[in-house]
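Scroll down for the structure; my scribbles are underneath it.
FYI, side chains are in, hydrogens and waters are out, and symmetry mates aren't considered; it's all heavy atoms of this structure. Sequence positions, counted from 1, serve as the residue numbers for this chain.
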Amino acid sequence: MVADINFYFDPVCPFAWMTSKWVRQVQEQRDYTVDWRFISLRLINAEVDYDAHFPPEYEAGHTAGLRLLRVAARARVEHGREVMAPLYAAFGAHIFDTASETDGHRSEREVRERRGTQEFTEPILAEVGLPLSLADALDDESWDAEIRQETDEALSLTGKDVGTPIIHFEPPTGVAFFGPVISRLPSEDSAAELWDHVVGLARFPGFAELKRSLREQPQLAALGVDADTVGKQEDWHGGSRRQKK
């Protein structure tokens, strides 16, 4: 499939989810086609000591993301690339656009672990009209080679000191970049304008990076930040929540 945009996502990344919702706005206004592809934060950090470098719930979250990508990889093979858009949309809506489940009954680690279970996945598959049997792929490591191949493909476009999402516009020869990392969804009127600014900057041959590590928490219900609230600002040094470099 040759699409206007290749969008590499990990379903458990809140910034990828926010950016994907913006890209869907742009897609509708510009009639772009999007190929939703895989990039795994767990595989990117395969050699990282999570206990030493990340908050305690991160390994569980990244592992759940890999497990969901296995389901997506099997769905893509058995039901076609066209199911990726609704499946990722359903993953994101259930993970990020619903209130947090940390209500005293589950810890943050437990909430993130649950995202990689059949209990979480099967209702989503039913919602988008896919067989529940696809959830068997959660534990099937044979899909990891395909996920790693697309993760490596994404990193080959940008370099390795990045996270998710990665966007490749007008592949195979067009521009690719990490992000943009946004914490607020633009209005319908400004969505395409923001896209033009990002692509225009990325197309400049000498452009490499425009960055600040201070980020607002994204305006997502699961994080307790609604659309009328400015999220708490955090320092994502090194492009992550690593506790030390």
For [Y], does its backbone N or O pair with a side-chain atom of [X] as donor and acceptor, under 3.5 Å?
X      : Y      : value
Gln217 : Glu234 : no
Thr121 : Ala135 : no
Thr63  : Ala60  : no
Ser107 : Glu110 : yes

Indicate yes or no: does [X] engage [Y] in a salt bridge with an N to O separation below 4.0 Å.
X      : Y      : answer
Glu108 : Arg112 : yes
Glu146 : Arg74  : no
Lys232 : Glu216 : no
Arg30  : Asp196 : yes
Asp144 : Arg42  : no
Glu170 : Arg203 : yes

Path from [X] to [Y] over hydrophobic side-chain contacts below 4.5 Å:
X      : Y      : value
Leu132 : Val83  : yes
Leu157 : Leu210 : no
Phe178 : Leu201 : no

| request: Evaluate the criterion side chain to side chain contact (heavy atoms under 4.5 Å, CB included) for residue pair Phe54 and Asp49; output intermediate values, then yes/no. | output: CA-CA 8 Å; Phe54 287 103; Asp49 181 346; over 6 Å; no
| request: Indicate, with yes or no, if the rings of Tyr50 and His62 have centres closer together than 6.0 Å. | output: yes
Does the side chain of [X] reach to within under 4.5 Å of the side chain of [Y], using non-hydrogen atoms?
X      : Y      : value
Phe7   : Asp35  : no
Leu155 : Ile166 : yes
Thr19  : Trp22  : yes
Val23  : Ile5   : yes
Tyr58  : Asn45  : no

| said: For a quick check under 3.5 Å, do Gln29 and Glu188 share a side-chain donor-acceptor pair by atom type? | reply: yes
| field | Ser213-Asp235 side chain donor-acceptor pair, cut-off 3.5 Å | value | yes
| With a cut-off of under 6.0 Å to the ring centre and 45° to the axis, is Arg24 in cation-pi contact with Trp195? | no
| request: Assess Arg37 against Phe9: is NZ or CZ under 6.0 Å from the centre of the six-membered ring, and within 45 degrees of the ring's axis? | output: no
| task | Kindly determine whether Ile95 and Trp17 satisfy side chain to side chain contact (heavy atoms under 4.5 Å, CB included), including the steps that lead there. | result | CA-CA 10 Å; Ile95 293 172; Trp17 175 240; over 6 Å; no
